[in-house]
Amino acid sequence: MDSIIFDLDGTLWDSSKTVLTAWNEILRKKDGINELTVEDLQGTMGLQMHEIGKKLFPSLDNQAREQLLQECGDLENVYLENSGGILYDSVEETLEALSEKYKLYIVSNCQEGYIETFYKYHQLEKNFLDFENPGRTGLSKGENIKLIMERNSLSNPVYVGDTEGDLKAARYAGIPFVYATYGFGKVEDYDFAIKSFAELKQLF
């Protein structure tokens, strides 16, 4: 193993409360659209933005939905840059330790600018060498994992995530999957499982 690629939501942090505040600020100004709950947002973790839009706003047509998602995503990035999310226990020290032994990366299903807010607020960019997301490439998570592998000449990475979509992405890329059981999803098939982020130090 030469590297570790991480999912973000449900693996490194929980940003749902900050995101909810931003999205509901937008939704309060829209007629006929209800505000969301934390459960609504957490039920979309791991999905791409267009999938999130269809699940949360099924009554809107594609153009209206895309416009709303753009507004929500833009304000979300502003809020996250100022307030951040909640890092899971021991993320900072575990990343520090792992970065001394392995090359670290992030691949997340998010809009452009989202991972950058994670870096900026929590000052963790120093631990990672590269990142990718569909907001920038338009590709699926599995395709973005392969892109990171090719771009950085990785031969034996693993992917750490918490949802069935993360598992499928790792399988698509042909690499082992580490299931973060403390996250948002339920996954039955995996190569390794961790109950806390710090367990990665014992696993690898």
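- Minimum heavy-atom separation, Gly53 to Leu69: CA-CD1, 3.8 Å.
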**OP:** Starting from the C-alpha separation in whole Å, work towards a yes-or-no answer on side chain to side chain contact (heavy atoms under 4.5 Å, CB included) for Phe184 and Thr11.
**Re:** CA-CA 9 Å; Phe184 300 122; Thr11 301; over 6 Å; no

**OP:** Using the side chain to side chain contact (heavy atoms under 4.5 Å, CB included) rule, take Thr117 and Glu76 through it: C-alpha gap first, then chi angles, then the decisive distance, then the call.
**Re:** CA-CA 10 Å; Thr117 67; Glu76 171 185 316; over 6 Å; no

Subject >> Verdict with supporting geometry, Asn133 and Leu8, side chain to side chain contact (heavy atoms under 4.5 Å, CB included) >> reply: CA-CA 11 Å; Asn133 60 75; Leu8 183 46; over 6 Å; no

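- Between the side chain of Asn24 and the backbone N or O of Leu36, at least one donor-acceptor pair lies under 3.5 Å.
- In this structure, Leu154 is not a member of the same hydrophobic cluster as Phe128, with clusters built from ILVMFWY side-chain heavy atoms closer than 4.5 Å.
- Taking the six-membered ring where the residue is Trp, Tyr190 and Tyr179 present tilted rings, their angle falling between 30° and 60°.
- No side-chain donor-acceptor contact under 3.5 Å links Tyr172 to the backbone of Lys146.
- To the nearest 0.5 Å, atom CD1 of residue Ile86 and atom CG of residue Asp14 are 5.5 Å apart.
- Ion pair Lys120/Glu116 not flagged as a salt bridge, since none of the NZ, NE, NH1 or NH2 atoms sits closer than 4.0 Å to an Asp/Glu carboxylate oxygen.
- Taking both residues in full, the closest heavy atoms of Asn127 and Ser99 are given as OD1-OG, 3.6 Å, listed atom of the first, atom of the second, then distance.
- Ile4 places none of its side-chain heavy atoms less than 4.5 Å from the side chain of Leu200.
- A 4.5 Å side-chain heavy-atom check between Met49 and Pro134 finds every atom pair outside the cut-off.
- Rounding to the nearest 0.5 Å gives a distance of 8.5 Å between OG of Ser3 and CG of Leu104.
- Across Val187 and Glu164, no two heavy atoms sit closer than the pair CG2-N, 3.6 Å.
- A distance-only check finds no donor-acceptor pair linking the side chain of Glu96 to the backbone of Glu93 [under 3.5 Å].
- Separation of the Phe197 and Phe6 ring centroids falls under the 6.0 Å cut-off.
- Looking at Asp74, its side chain never comes within 3.5 Å of a backbone N or O of Glu71 through a donor-acceptor pair.
- Taking a cutoff of 4.0 Å between a charged side-chain nitrogen and a carboxylate oxygen, Asp2 and Lys103 do not qualify as a salt bridge.
- Residues Leu75 and Tyr121 are members of separate hydrophobic clusters, defined by side-chain heavy-atom contacts under 4.5 angstrom among Ile, Leu, Val, Met, Phe, Trp and Tyr.
- Of all heavy-atom pairs spanning Lys55 and Gly43, the tightest one is NZ-O, 2.8 Å.
- Atom CD1 of residue Ile52 and atom CG of residue Asn109 lie 8.0 Å apart, to the nearest 0.5 angstrom.
- For Asp189, the salt bridge (Lys or Arg N to Asp or Glu O under 4.0 Å) test picks out Arg171, with sequence neighbours left out.
- Taking the six-membered ring for Trp and thresholds of 30 and 60 degrees, Phe118 and His122 have ring planes inclined between 30 and 60 degrees apart.
- A 6.0 Å sphere centred on CD of Gln63 holds no more than 12 heavy atoms belonging to other residues, nucleotides or ligands.
- For the pair Asn144 (side chain) and Lys141 (backbone), a donor-acceptor distance under 3.5 Å is absent.
- Of all heavy-atom pairs between Pro176 and Ala170, the closest is O-CB, 4.3 Å.
- Other residues, nucleotides and ligands place more than 12 heavy atoms under 6.0 Å from the CG atom of Asn82.
- The closest side-chain heavy-atom distance from Ile145 to Tyr105 is not below 4.5 Å.
- Other residues, nucleotides and ligands contribute at most 12 non-hydrogen atoms within 6.0 Å of the NZ atom of Lys195.
- Cluster annotation: Leu12 is not connected to Ile5 through the hydrophobic network of ILVMFWY side chains, with a link wherever side-chain heavy atoms come within less than 4.5 Å.
- Here Leu167 contributes atom CG and Tyr159 contributes atom OH; the two are 11.0 Å apart, rounded to the nearest 0.5 Å.
- Counting heavy-atom neighbours within 6.0 Å of Lys54 NZ, excluding the residue itself, gives a total of 12 or less.
- Across all their heavy atoms, Ser16 and Leu41 have their closest contact at O-CD1, 3.7 Å.
- A 4.5 Å side-chain heavy-atom check between Leu60 and Ile33 finds at least one atom pair inside the cut-off.
- Under the 3.5 Å distance criterion, the side-chain polar atoms of Tyr102 are matched with a main-chain donor or acceptor of Phe204.
- In this structure, the side-chain hydrogen bond (donor to acceptor under 3.5 Å, both in side chains) partners of Asp130, at least two apart in sequence or on a different chain, are Arg151, Asn152.
- Note that CZ of Arg136 is 8.5 Å distant from CG of Leu147, once rounded to the nearest 0.5 Å.
- Within the model, atoms CD1 of Ile106 and CD of Glu125 stand 9.5 Å from one another, a figure rounded to the nearest 0.5 Å.
- Side chain of Ser108 to backbone of Asp7: no donor-acceptor contact under 3.5 angstrom is found.
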Subject >> Worked check of side chain to side chain contact (heavy atoms under 4.5 Å, CB included) between Thr21 and Thr18 >> reply: CA-CA 5 Å; Thr21 301; Thr18 303; 5.8 Å; no

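- Side chains of Glu81 and Asn77: no donor on one and acceptor on the other come within 3.5 Å.
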